[in-house]
Amino acid sequence: MNCEGQLMTQAPPPKSQTPAYSKRNPPIAGEAEAIEAAKNGDAEAFFQALRLHKRRVYTLCLRMLGNVSKPRT
């Protein structure tokens with residue numbers, strides 16, 4: 001079959017019936033409100049959201065950079 005010049009598309013996968021969060025990542029109290037406020041420019045809300053996820057942010061940065069920064073003496 002010759003498909004030259006034709007755009008081949010694939011049907012999107014069916015949407016799952018699971019909620020937007022999983023048991024592994026349950027919603028955190030105050031998270032949604034902090035994110036919405038941070039989107040609107042509230043710096044304190046941004047830092048609150050960052051504090052809620054600081055371990056994940058640190059782990060992601062560590063994986064991206066591949067090393068641990070050592071403090072200057």
Side-chain angles (χ1 to χ4, degrees):
M1 173 183 260
N2 186 352
C3 296
E4 191 173 352
Q6 295 179 4
L7 179 62
M8 302 294 287
T9 59
Q10 198 174 33
K15 292 188 177 196
S16 67
Q17 300 300 319
T18 59
Y21 61 90
S22 66
K23 289 181 182 179
R24 186 172 177 189
N25 297 315
I28 299 170
E31 177 188 31
E33 295 81 7
I35 291 171
E36 283 304 313
K39 284 182 184 178
N40 294 322
D42 185 341
E44 182 55 38
F46 171 78
F47 288 111
Q48 179 185 358
L50 183 61
R51 283 189 296 272
L52 291 171
H53 295 284
K54 65 184 173 185
R55 216 177 257 179
R56 284 184 176 174
V57 171
Y58 176 78
T59 302
L60 174 64
C61 293
L62 184 60
R63 277 189 281 146
M64 290 173 69
L65 297 174
N67 66 1
V68 177
S69 176
K70 295 183 175 108
R72 295 180 183 174
T73 55

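Hydrogens, waters and symmetry mates are skipped; everything else that's a heavy atom, side chains included, is used.
- With side-chain heavy atoms closer than 4.5 Å counting as contact, directly or through intermediates, the hydrophobic cluster containing Leu60 also holds Met64.
- Counting heavy atoms from C-beta on, the side chains of Gln48 and Glu33 never come closer than 4.5 Å.
- Of the inter-residue distances, the one linking Phe46 atom CZ with Asn40 atom CG reads 14.5 Å to the nearest 0.5 angstrom.
- Residue pairs meeting the salt bridge (Lys or Arg N to Asp or Glu O under 4.0 Å) criterion with at least one member in residues 45-55, sequence neighbours excluded: Glu44-Arg51.
- If you chain together hydrophobic residues whose side chains sit under 4.5 Å apart, Leu50 and Ile35 never meet in one group.
- For Ala45 against Ala38, the heavy-atom pair with the smallest separation is CB-N, 3.7 Å.
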